[in-house]
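What follows is a single structure, written as structure tokens, with notes after it.
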Amino acid sequence: MMSSKQVTSTIDFSSVLAAAVHDMKNSLFLLIQSIEALSHVLPVDNTEAQEQVANVHYEASRLNTNLVQILSLYRAELESLPITVDECFIQDLVEDVIGSNTLYTNQKHINIEIEIESELRWYLDEELIYLLLNDAIINAMRYGTSKIKVSAADYDGFLQLKVEDDGSGYPSDMLTRSHEQLADFELSQGRTGLGLFFAKLIAKAHSQGDKAGTIALSNGGIYGGSVFEVKIP
């Protein structure tokens with residue numbers, strides 16, 4: 001006679017998942033380093049292999065960004081999203097982000113223009129803004145074609161960071177959803193979900209008095225494509 005019983009557990013699945021994501025992120029970081037090392041030893045004239053390595057590096061970087069976002073959202077759910085604000089040179093930050101994507105941009109002949117005064121400094125969480133900006137640039141590389149411009153300026157007491165590309169622009173439903181509040185977001189909406197939610201979360205975490213950071217999406221700009229804009233007080 002067969003019998004069955006239900007095994008109950010007190011395991012906090014979200015904590016287990018967060019630990020697994022953290023472990024996957026570390027492994028992925030080592031994989032990205034190996035891909036970059038491989039790109040340096042490939043023959044320059046082997047364009048097919050160079051392109052494949054660049055594509056793998058790009059997808060691995062996107063996956064790493066998604067894992068970091070998931071971890072940060074988990075911490076935010078625990079109301080412990082770490083925010084460490086310090087003075088930061090914006091041009092150095094932007095150059096670091098662009099430098100981490102050089103393998104892909106060189107292979108795809110994507111030109112990224114920077115327009116930032118070298119002395120522009122701001123108080124912000126450098127690691128979180130790096131993640132936010134990197135995700136915006138990765139999206140521009142994925143949906144743009146050949147030109148991207150990253151600019152920053154002090155605009156009426158806010159740091160204004162913009163990423164513009166020459167792609168086909170944001171779809172209308174994404175432009176509509178960019179105005180939604182964090183509480184109204186559904187994270188299963190692909191491009192309109194996790195990345196945008198994460199960007200809004202980071203922007204909102206930067207506040208001074210009654211002023212808080214904001215995210216804005218639009219189409220047009222200098223190249224006629226997508227325009228991603230974040231403002232930090």
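Predicted model only: the values in this text are computed from it and were never measured.
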- Message: Let me check something: do Leu128 and Phe158 share a hydrophobic cluster, defined by ILVMFWY side-chain heavy atoms less than 4.5 Å apart, either directly or through other members?
- Response: no

- Message: Quick check for you: to the nearest 0.5 Å, what is the distance between Leu28 atom CG and Leu63 atom CG?
- Response: 5.0 Å

- Does any non-hydrogen side-chain atom of Asp135 lie less than 4.5 Å from one of Phe228? no

- Hydrophobic cluster identity match, Trp122 and Ile98, side-chain contacts under 4.5 Å: yes

- Do Tyr104 and Ile110 come close enough that some side-chain heavy atom pair is under 4.5 Å? yes

- Item | Close side-chain approach of Leu196 and Leu217, heavy atoms under 4.5 Å | yes

- Looking at side-chain heavy atoms only, is the closest gap between Val230 and Val163 below 4.5 Å? no

- Taking the side chain as C-beta and beyond, is there a heavy-atom pair between Gln91 and Leu120 under 4.5 Å? no

- Message: When you compare the side chain of Glu113 with that of Lys147, does any pair of heavy atoms fall below 4.5 Å?
- Response: no

- Query: Say you draw a straight line from CG of Leu175 to CG of Asn219; how long is it, rounded to the nearest 0.5 Å?
  - Reply: 5.0 Å

- Message: Just so I know, are the side chains of Leu103 and Gln107 near enough to count as touching, which here means a heavy-atom distance under 4.5 Å?
- Response: no

- Message: Restricting to non-hydrogen atoms, name the atom on Ile116 and the atom on Ala152 that form the minimum distance, rounded to 0.1 Å.
- Response: CG1-N, 3.6 Å

- Task: Please say whether more than 12 non-hydrogen atoms of neighbouring residues, nucleotides or ligands are located less than 6.0 Å from CD in Glu127.
- Result: no

- Task: Can you measure from CG (Leu30) to CD1 (Ile35) and round to the nearest 0.5 angstrom?
- Result: 11.0 Å

- Cluster check Tyr155, Val150: I/L/V/M/F/W/Y, side chain < 4.5 angstrom: no

- Message: With a 6.0 Å cut-off (strictly less than), is the heavy-atom count around CD of Glu59, excluding the residue itself, greater than 12?
- Response: yes

- Query: Step by step, would you call Phe198 with Leu131 a side chain to side chain contact (heavy atoms under 4.5 Å, CB included)?
  - Reply: CA-CA 9 Å; Phe198 188 65; Leu131 293 172; 4.1 Å; yes

- Task: Nearest 0.5 Å please: distance from the CD1 atom of Ile137 over to the CG atom of Asn101.
- Result: 6.5 Å

- Between His206 (side chain) and Asp125 (backbone), is there a donor-acceptor pair under 3.5 Å? yes

- Same cluster (ILVMFWY, side-chain, under 4.5 Å), Ile129 and Val227: no

- Distance, nearest 0.5 Å, that separates OG of Ser151 from CD1 of Ile90: 12.0 Å

- Supply the atom-to-atom distance Asp96 CG to Cys88 SG, rounded to the nearest 0.5 angstrom. 8.5 Å

- Stepwise side chain to side chain contact (heavy atoms under 4.5 Å, CB included) check, Leu161 with Leu132: CA-CA 11 Å; Leu161 269 166; Leu132 182 153; 6.0 Å; no

- Task: Using a strict 4.0 Å threshold on nitrogen-to-oxygen distance, state whether Glu51 and Lys108 make a salt bridge.
- Result: yes

- Return the set of residues passing ring pair (Phe, Tyr, Trp, His ring centres under 6.0 Å) with Tyr130 (not counting sequence neighbours), or none when no residue passes. none

- side chain to side chain donor-acceptor pair (under 3.5 Å) against Glu115, all qualifying residues, sequence neighbours excluded: Lys149

- Do you know which two heavy atoms are closest between Val44 and Gln50, and how far apart they sit? CA-NE2, 4.0 Å

- Item | Flag side-chain contact, heavy atom, 4.5 Å: Met141 against Thr105 | yes

- Any donor-acceptor pair under 3.5 Å from Asp165 side chain to Ile148 backbone: no

- Message: More than 12 heavy atoms of other residues, nucleotides or ligands under 6.0 Å from CD of Glu48: yes or no?
- Response: no

- ring pair (Phe, Tyr, Trp, His ring centres under 6.0 Å) partners for Tyr223, two or more places apart: none

- Task: Would you name the heavy atoms of Pro233 and Ser207 that are closest together and state the gap between them?
- Result: CG-CA, 3.9 Å

- Task: Following the transitive rule for hydrophobic clusters with a side-chain heavy-atom cut-off under 4.5 Å over Ile, Leu, Val, Met, Phe, Trp and Tyr, establish whether Tyr123 and Leu133 coincide in one cluster.
- Result: yes

- Message: Between Glu164 (side chain only) and Ile222 (backbone N and O only), is there a donor and an acceptor less than 3.5 Å apart?
- Response: yes

- Give a yes or no on whether the backbone of Thr176 and the side-chain of Tyr170 come within a donor-acceptor separation of less than 3.5 Å. no

- Task: Could you please spell out the steps behind the side chain to side chain contact (heavy atoms under 4.5 Å, CB included) verdict for Glu95 and Ile114?
- Result: CA-CA 8 Å; Glu95 288 178 346; Ile114 302 176; 3.8 Å; yes

